[in-house]
*Asks:* 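Before I ask anything, let me first share the structure, which is written out below as structure tokens.
Just so it is clear, the structure is predicted and the values come from calculations on it, not from any experiment. Numbers for residues simply follow the sequence, beginning at 1.
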Amino acid sequence: MTKKILICSAWPYANGSLHLGHIAGLLPADILARYFRLVGDDVLFVSGSDCHGTPITVRASQEGRQPGEIAGQYHQEFVDNFAGLGFSYDRYAATIDTAHQEQVQEIIRHLYAQGWLYPKEQEQTWCEHCGKFLPDRYVEGTCPRCGAKDARGDQCDSCGSLLDPSDLEEQHCKLCGHQPGLKKTQHLFFKLSKFQKEIQELADQKDSQWRVNAREATGRYLEEGLLDRAISRDIDWGIPIPIPGYEGKRVYVWFEAVLGYLTTCKRWAEEKRDPEAWKEYWSQGATSYYIHGKDNIPFHTVILPGLLLAIDPSLNLPDRIISSEFLNIEGKKLSTSKNWAVWLPDFLENYPPDSLRYFLTVNGPESRDADFSWREFVERNNGELAGAWGNLVNRTLTFVHRYFDGLVPGGSNEEGDILLGAIKALYKTVGNLLEEGHLKEALKLVFEQVRACNKYFDSQAPWQTIKTDKDACAGTISVCIQAIINLGVLTSPFLPFASIKIFDTLGLSSVSWQWQTIPQGGQVLKPEILFPNIDKEVIAKEIDKLGK
């Protein structure tokens with residue numbers, strides 16, 4: 001039975017190029033979307049660029065440009081880079097889109113009319129030196145919970161705690177470095193505290209469907225008690241608050257960014273000329289996946305559910321939370337300010353996208369912080385992709401052209417039947433692992449069978465049997481071809497570019513998540529190199545770029 005699957009991946013700030021840390025947290029979304037489509041489910045995969053965050057105004061100020069110019073530039077770069085990586089979004093939006101802004105304003109009017117928003121005067125951080133109210137991210141200092149020196153006024157990335165600027169010790173203005181003060185101002189607050197019970201019930205209900213870090217972090221927030229949060233800010237860049245008396249204020253980015261999932265789905269439906277189509281993906285009968293890094297956990301497990309409950313209690317709340325840990329670079333914490341990062345545009349200019357997709361899956365931060373090492377990246381590409389998977393495909397299909405006129409031979413043998421049986425069983429095993437968010441284990445199981453196929457090829461020695469027993473040789477090669485096409489399907493959510501080449505070479509115009517068979521006598525095209533070897537000399541060159 002076809003299921004409705006909603007896949008939402010976090011919105012990166014459009015204030016600079018994407019780096020591998022971003023991709024490590026977002027890649028599972030595309031893998032899942034591709035898998036569910038192969039299964040035959042009805043998938044809606046959405047995301048977009050967060051164009052109203054404080055990081056954008058900081059970048060604009062540093063470069064003497066307008067925030068909209070910065071946001072537009074990096075949004076387009078994101079679109080191009082995600083396409084280069086093979087991300088198969090159904091719609092990738094931006095918070096500067098008119099449709100998003102209008103829908104957010106309509107939601108604010110609705111929440112205000114329903115009593116979920118209320119005015120409250122508060123003291124907000126004010127920098128006398130800059131002569132302006134400071135957004136929370138413009139205030140930096142020491143985290144009161146873990147002691148990290150680089151905490152921001154909205155959140156500490158080191159321990160994940162949600163903060164207010166007043167919580168920070170040793171505060172300073174991010175712009176000028178001076179110690180800020182306080183000044184009274186009035187804002188609209190969202191009654192998040194009213195949903196403590198419902199969000200606790202959601203967390204308890206989804207205990208086995210959210211990753212451990214999401215469960216633990218959400219438990220801490222709930223234990224501390226949920227607090228109402230301001231949805232407005234005294235800033236110039238953002239969506240105007242559509243409530244009389246708040247004309248000079250803008251929507252706080254935490255509020256509008258998570259609503260982007262909903263606004264993007266609605267816009268997708270409008271573009272299909274079926275304005276109600278989005279509702280099926282937000283119904284209780286659908287299954288939703290939210291994919292992001294661990295610094296985004298509270299926004300998806302606490303704030304988003306609270307907003308959805310206030311907007312419309314019938315909307316489906318997050319089912320699966322796939323929240324990754326952090327990715328380090330060469331054993332050190334990733335730092336964009338120190339250029340200790342591997343930037344995606346540079347990477348895509350020089351290396352195949354499938355190689356990165358493979359590495360960030362088998363060596364990604366799925367359950368703990370992981371490390372990107374250039375040496376390990378090159379070794380895995382050359383040994384596991386080129387040396388194992390690429391080699392199996394190339395030598396098998398080259399053999400078909402050399403000895404069987406480019407036509408699929410027939411036959412099998414006992415060892416081959418056992419091998420194909422093990423591969424066939426992977427469809428269910430790997431599918432279950434993917435649906436549960438265990439992507440690393442799923443891909444490792446597939447590559448165990450890649451290695452088993454190479455071992456089978458070697459043990460059968462077709463280069464000898466072609467001279468002594470052509471029928472036996474034909475059986476060996478037939479088994480390898482059936483193995484290759486099915487391993488191609490099993491790897492396609494992870495390695496889409498290589499799999500498409502395999503399908504084209506073997507004459508398959510479409511595939512699904514079930515056993516595939518290439519008929520005897522089928523035409524096989526000459527194989528392309530799936531994974532070029534990467535020269536080991538790049539290791540030192542790439543490491544030398546870091547921190548400069």
Side-chain angles (χ1 to χ4, degrees), residues 3-11 25-26 28-29 31-33 35-36 39 41-47 155 160-162 190 192-227 229 254 257-262 265 278-325 365-368 431-442:
K3 297 180 292 185
K4 298 292 183 183
I5 306 292
L6 174 64
I7 298 180
C8 303
S9 64
W11 296 46
L26 301 179
I31 293 171
L32 287 167
Y35 159 73
F36 280 115
V39 169
D41 289 328
D42 198 347
V43 175
L44 180 53
F45 177 22
V46 298
S47 185
Q155 186 177 0
S161 295
L162 293 176
F190 173 60
L192 181 63
S193 62
K194 296 296 183 181
F195 296 104
Q196 173 90 24
K197 178 175 178 291
E198 289 88 345
I199 296 174
Q200 180 68 66
E201 290 174 351
L202 173 68
D204 293 340
Q205 176 189 352
K206 303 299 182 183
D207 182 65
S208 63
Q209 298 177 315
W210 293 2
R211 278 193 176 165
V212 173
N213 58 2
R215 299 200 303 267
E216 292 179 347
T218 304
R220 291 196 302 270
Y221 304 136
L222 290 166
E223 186 176 343
E224 293 172 1
L226 301 184
L227 302 176
R229 291 178 64 90
W254 68 262
V258 293
L259 290 177
Y261 301 126
L262 185 60
C265 289
W278 67 274
K279 292 182 178 179
E280 294 181 288
Y281 299 91
W282 288 84
S283 70
Q284 300 298 326
T287 300
S288 59
Y289 283 77
Y290 289 84
I291 291 90
H292 46 80
K294 69 178 179 181
D295 52 335
N296 272 320
I297 287 172
F299 302 103
H300 293 85
T301 64
V302 175
I303 290 172
L304 177 61
L307 289 171
L308 295 176
L309 286 165
I311 293 168
D312 182 352
S314 70
L315 294 172
N316 190 34
L317 303 181
D319 291 311
R320 296 277 186 179
I321 298 291
I322 309 296
S323 40
S324 300
E325 297 288 319
E366 189 169 291
S367 58
R368 61 184 179 185
N432 288 338
L433 287 169
L434 287 175
E435 292 182 25
E436 294 168 3
H438 304 302
L439 287 72
K440 181 181 296 189
E441 185 179 353

*Asks:* Using modelled atom types only, decide if a donor and an acceptor are shared between the side chain of Ser9 and the backbone of Ala29 within a distance under 3.5 Å.
*Replies:*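 Looks like no, no N/O pair under 3.5 Å.
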
*Asks:* Between Arg211 (side chain only) and Ile322 (backbone N and O only), is there a donor and an acceptor less than 3.5 Å apart?
*Replies:*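 The answer is no, because no donor-acceptor pair under 3.5 Å joins these two groups.
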
*Asks:* In sequence, state the C-alpha distance, the side-chain angles, and the governing distance for Lys4 and Asp41, and then conclude on salt bridge (charged side-chain N to carboxylate O under 4.0 Å, His left out).
*Replies:* CA-CA 6 Å; Lys4 298 292 183 183; Asp41 289 328; over 6 Å; no

*Asks:* Is it true that a side-chain atom of Tyr289 and a backbone atom of Glu435 form a donor plus acceptor pair closer than 3.5 Å?
*Replies:*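 Answer holds: yes.
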
*Asks:* List the atom of Phe190, the atom of Gly306, and the distance in Å for their closest heavy-atom pair.
*Replies:*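 Phe190 and Gly306 have their closest heavy atoms at CZ-O, 3.5 Å.
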
*Asks:* Closest approach of Tyr290 and Leu304, non-hydrogen atoms and distance?
*Replies:*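 Between these two residues, the closest heavy atoms are CE2-CD2, 3.5 Å.
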
*Asks:* Looking at every heavy atom in both Asn316 and Ser288, which two are closest together, and how far apart are they?
*Replies:*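 Residues Asn316 and Ser288, closest heavy atoms: ND2-OG, 3.8 Å.
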
*Asks:* In the structure I gave you, are the side-chain heavy atoms of Leu6 and Cys265 within less than 4.5 Å of one another anywhere?
*Replies:*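 Leu6 vs Cys265: side chains touch.
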
*Asks:* Any heavy-atom pair between the side chains of Pro298 and Thr218 that's under 4.5 Å?
*Replies:*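 A side-chain contact is absent here, since even the closest heavy-atom pair is not under 4.5 Å.
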
*Asks:* Any side-chain to backbone donor/acceptor pair from Trp282 onto Leu317? Under 3.5 Å, distance only.
*Replies:*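 No, Trp282 side chain to Leu317 backbone: no donor-acceptor pair under 3.5 Å.
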
*Asks:* In terms of the angle between their ring planes, are His292 and His300 parallel, tilted or perpendicular, with boundaries placed at 30° and 60°?
*Replies:*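 Taking His300 first and then His292, their aromatic rings lie parallel (interplane angle under 30°).
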
*Asks:* OG1/Thr287 to CG/Asp319 distance, rounded to the nearest 0.5 angstrom?
*Replies:*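 Result: 5.5 Å between the selected atoms.
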
*Asks:* Is a side-chain donor or acceptor of Glu280 paired with a backbone partner of Ala286 at a separation under 3.5 angstrom?
*Replies:*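 No.
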
*Asks:* Find out whether Leu192 and Leu227 are in side-chain contact, i.e. whether some heavy atom of one side chain is under 4.5 Å from a heavy atom of the other.
*Replies:*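 Not touching, per the 4.5 Å side-chain cut-off.
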
*Asks:* Taking the side chain as C-beta and beyond, is there a heavy-atom pair between Lys206 and Arg320 under 4.5 Å?
*Replies:*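 In short, these two side chains do not touch, never coming nearer than 4.5 Å.
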
*Asks:* Go through Phe36 and Phe45 one step at a time and tell me if the side-chain contact (heavy atoms from CB on, under 4.5 Å) criterion holds.
*Replies:* CA-CA 11 Å; Phe36 280 115; Phe45 177 22; over 6 Å; no

*Asks:* To the nearest 0.5 Å, tell me how far Tyr261 OH sits from Leu308 CG.
*Replies:*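 It is 11.0 Å, given to the nearest 0.5 Å.
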
*Asks:* Measure the spacing between CZ of Phe195 and CG of Leu222 and express it to the nearest 0.5 Å.
*Replies:*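 If I round to the nearest 0.5 Å, the distance is 14.0 Å.
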
*Asks:* Does the side-chain contact (heavy atoms from CB on, under 4.5 Å) test come out yes or no for Ser323 and Asn296, once each step is laid out?
*Replies:* CA-CA 8 Å; Ser323 40; Asn296 272 320; over 6 Å; no

*Asks:* Count the heavy atoms belonging to other residues, nucleotides or ligands that lie under 6.0 Å from CD of Glu223, then report whether that count exceeds 12.
*Replies:*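 No, not enclosed.
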
*Asks:* Is Lys294 paired with Glu325 through a side-chain N to carboxylate O contact shorter than 4.0 Å?
*Replies:*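 Looking at Lys294 together with Glu325, the answer is yes, because their closest N to O distance falls below 4.0 Å.
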
*Asks:* Tell me, do Pro305 and Pro318 make a side-chain contact under 4.5 Å, heavy atoms counted?
*Replies:*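 Pro305 reaches Pro318 side chain to side chain.
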
*Asks:* What pair of heavy atoms forms the shortest contact from Phe299 to Ile303, and how long is it?
*Replies:*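 Distance-wise, the nearest heavy atoms are CD2-CD1, 3.6 Å.
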
*Asks:* Of the non-hydrogen atoms in Pro28 and Ile291, which two are nearest, and what is the gap between them?
*Replies:*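 Heavy atoms of Pro28 and Ile291 come nearest at CB-CG2, 4.1 Å.
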
*Asks:* One pair to check against side-chain contact (heavy atoms from CB on, under 4.5 Å): Ile321 and Gln209. What are the steps and the verdict?
*Replies:* CA-CA 7 Å; Ile321 298 291; Gln209 298 177 315; over 6 Å; no

*Asks:* Does any non-hydrogen side-chain atom of Trp210 lie less than 4.5 Å from one of Leu202?
*Replies:*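 In contact.
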
*Asks:* Within a strict 4.5 Å, meaning less than it, do heavy atoms of the Leu315 and Lys279 side chains meet?
*Replies:*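 No, side chains not in contact.
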
*Asks:* Using 0.5 Å steps for rounding, measure from the CD atom of Glu224 to the OH atom of Tyr221.
*Replies:*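 Those atoms lie 8.5 Å apart.
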
*Asks:* For the pair Lys197 and Glu201, find out whether any cationic side-chain nitrogen is under 4.0 Å from an anionic carboxylate oxygen.
*Replies:*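 Counted as a salt bridge, because a side-chain N and a carboxylate O are separated by less than 4.0 Å.
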
*Asks:* If I take atom CD1 from residue Ile199 and atom OG1 from residue Thr301, how far apart are they, to the nearest 0.5 angstrom?
*Replies:*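 Those atoms lie 8.0 Å apart.
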
*Asks:* With a 3.5 Å distance limit and no angle check, can you tell me whether Glu441 reaches the backbone of Leu433 through a side-chain donor-acceptor pair?
*Replies:*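 Here the side-chain-to-backbone pair does not exist.
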
*Asks:* Gln200 and Asp204: side-chain donor and acceptor closer than 3.5 Å?
*Replies:*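 Checked: Gln200/Asp204 side chains pair up, N/O donor to acceptor below 3.5 Å.
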
*Asks:* May I have the step-by-step check of side-chain contact (heavy atoms from CB on, under 4.5 Å) for Glu366 and His438, ending in yes or no?
*Replies:* CA-CA 8 Å; Glu366 189 169 291; His438 304 302; 4.3 Å; yes

*Asks:* If you measure from CD1 on Ile7 to CD1 on Ile31, what distance do you get to the nearest 0.5 Å?
*Replies:*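 With rounding to 0.5 Å, CD1 (Ile7) is 10.5 Å from CD1 (Ile31).
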
*Asks:* Work out which heavy atom in Leu226 is nearest to a heavy atom in Gln196; give both atom names and the distance.
*Replies:*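 Scanning both residues completely, I find the closest heavy atoms to be N-OE1, 2.8 Å.
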
